[in-house]
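So the structure is just underneath, and the comments pick up after that.
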Amino acid sequence: MAESIGNSGTGMKLHTKILIALVVGAVSGIVVNTQLGSTHAGVTWVNTYLAGPVGQVFLRMLFMIVMPLVFSSIALGVAGLGDLRKVGRIGGKAIGYFLGTTFIAATFGLVMVSAVQPGAAVPESVKAELMATYAEDASSKIEAQAAGEFGINTFVNIVTRNPIKSAADGDMLGVIFFGLLFGAALTQIPRERAEPMLKVLEAINDVVIVIVGMAMKLAPYGVAGLIFGVTSRFGFALLKPLGGFVFVVLGALLLHLFVNLSLILRFVIGISPLTYFSRVRATLVTAFSTSSSSATLPAALKTATDGLGVPPKIAGFVLPIGSTMCMNGTSIFEGITVIFLCQVFGIDLTLGGMVMVIVMSVITAVGAAGVPGGSIPLLVGILAMVGVPGEGIAIVLGVDRILDMTRTVVNVAGDISATAFVAKSEGVWDASMVPAKAV
Ligand code: ASP
């Protein structure tokens with residue numbers, strides 16, 4: 001698989017191909033959007049019969065293996081760590097890292113949006129127009145928010161009633177919980193009884209990794225298709241009125257990635273940011289094009305182990321949890337969006353209100369599902385808390401796709417760094433163990 005990610009057989013490295021596909025998809029989408037318009041019959045045909053299906057097949061190949069991978073890698077991770085105290089310690093460190101970096105990210109986003117104040121610049125007429133255009137979308141998000149209200153049941157529901165149903169419904173936390181218990185229970189039965197099950201889990205893991213390799217062969221086509229679908233439909237039209245907002249979100253995301261995370265990589269984890277990014281970049285392109293931490297999990301796992309040399313036991317345990325809990329990019333986006341909409345609606349937040357927005361951004365980023373737009377329903381919940389009408393989300397929905405793609409990159413970069421952080425703190429990894437060859 002290292003080979004299949006690194007080199008796709010025709011001489012050109014796979015990540016180079018994926019990057020080229022990204023550019024080709026984006027540029028051709030923008031060109032047809034500006035020249036022909038998004039409703040042109042030819043553009044619709046290409047999206048319906050070519051770009052859309054190819055992108056979907058790629059996405060489905062990734063989603064197909066997420067649940068078996070989460071279950072087998074968590075169960076193996078826990079069983080492999082053996083001692084439950086060790087599981088607790090490693091889990092505690094991982095969660096500490098997730099929360100710490102997410103908190104830094106949310107605070108950073110808030111400082112940026114308060115400094116730039118992009119909300120003040122949106123004219124009344126544009127606001128009304130955007131609200132009308134996206135009203136329907138917004139109401140479905142508001143309903144989703146109401147259905148998934150944050151409360152005691154959020155925690156009770158983690159204890160899944162039926163792990164197969166959880167897997168079928170994409171309820172990652174339920175599957176993680178079952179995997180944790182399963183792995184812990186495996187350590188409690190005699191070794192010779194546990195052995196066959198461990199072998200099965202290892203085999204599932206290996207098989208899934210091979211399927212990831214197959215999916216990644218499709219990546220250049222899938223990525224081009226997905227990106228074309230987005231740019232051909234949206235072009236630049238929405239970027240104008242919301243330019244300031246988009247600029248602040250993208251700026252904060254990139255600064256977090258290349259400044260904050262780089263500082264953490266260099267001074268806390270002890271790895272050169274350049275080395276880190278050169279190893280993870282193909283996975284970050286996958287995150288960008290799929291907009292989903294969950295869909296990127298298989299590739300991220302491979303990158304952490306083969307690209308950075310993090311022991312599989314640690315990566316297999318930390319990453320599946322990180323892909324749903326550690327969302328630095330999402331918390332930046334949420335904090336900025338809430339404050340932006342407060343500015344648009346003329347709501348003045350006190351310092352206490354700001355602190356609440358940071359805390360809620362961290363909590364909801366932890367709770368958001370790693371799927372495209374996974375954080376939007378939770379974001380609607382924070383908006384209600386600060387007094388922005390839920391429909392206000394309509395203002396930003398039109399530009400969310402590009403923001404979603406970018407925040408997912410930041411989420412995944414944070415997830416992978418967490419594996420290195422935990423492995424280093426356990427004394428089982430350091431930067432000298434990063435394999436020499438770029439993956
Ligand atoms: N798409 C994001 C992810 O999968 C979640 C979100 O912020 O909507 O990481």
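First listed ligand is number 1; within each ligand, the first listed atom is number 1.
Ligand 1 lies less than 4.0 angstrom from a heavy atom belonging to Ser291. The shell of residues lying under 4.0 angstrom from ligand 1, judged by heavy atoms, includes Ala369.
By the 3.5 Å distance cut-off applied to N or O atoms, Val371 is counted among the residues near ligand 1. By the 3.5 Å distance cut-off applied to N or O atoms, Ile376 is not counted among the residues near ligand 1.
When the shell of 6.0 Å around NZ of Lys313 is examined, it contains 12 or fewer heavy atoms from other residues, nucleotides or ligands. Surrounding CZ of Phe63 are more than 12 heavy atoms belonging to other residues, nucleotides or ligands, all under 6.0 Å away. No more than 12 heavy atoms of other residues, nucleotides or ligands lie within 6.0 Å of CZ in Phe103, so this atom counts as exposed by the packing criterion. Residue Leu254 places its CG atom among more than 12 non-hydrogen atoms of other residues, nucleotides or ligands, all under 6.0 Å distant.
Near Gly374, meaning under 4.0 Å from any of its heavy atoms, are these atoms of ligand 1: 6 (C), 8 (O). Atoms of ligand 1 lying under 4.0 Å from any heavy atom of Asp404, numbered from 1 in the order shown and given with element: 1 (N), 2 (C), 6 (C), 8 (O). Below 4.0 Å from some heavy atom of Ser292 lie the following atoms of ligand 1, by number and element: 4 (O). Atom numbering of ligand 1 starts at 1 in the shown order; those under 4.0 Å from a heavy atom of Thr330 are 5 (C), 6 (C), 7 (O).
Atom CD1 of residue Ile271 and atom CH2 of residue Trp429 lie 4.5 Å apart, to the nearest 0.5 angstrom.
Ring geometry, Phe71 versus Phe182: the interplanar angle exceeds 60°, so the pair is classed perpendicular (tilted spans 30 to 60°).
Atom 4 (O) of ligand 1 has its closest protein heavy atom at Ser293 N, 2.8 Å. At the shortest separation from atom 6 (C) of ligand 1 among protein heavy atoms lies Ser375 OG, 3.2 Å.
In this structure a side-chain-to-backbone donor-acceptor pair under 3.5 Å is present from Asn411 to Asn328.
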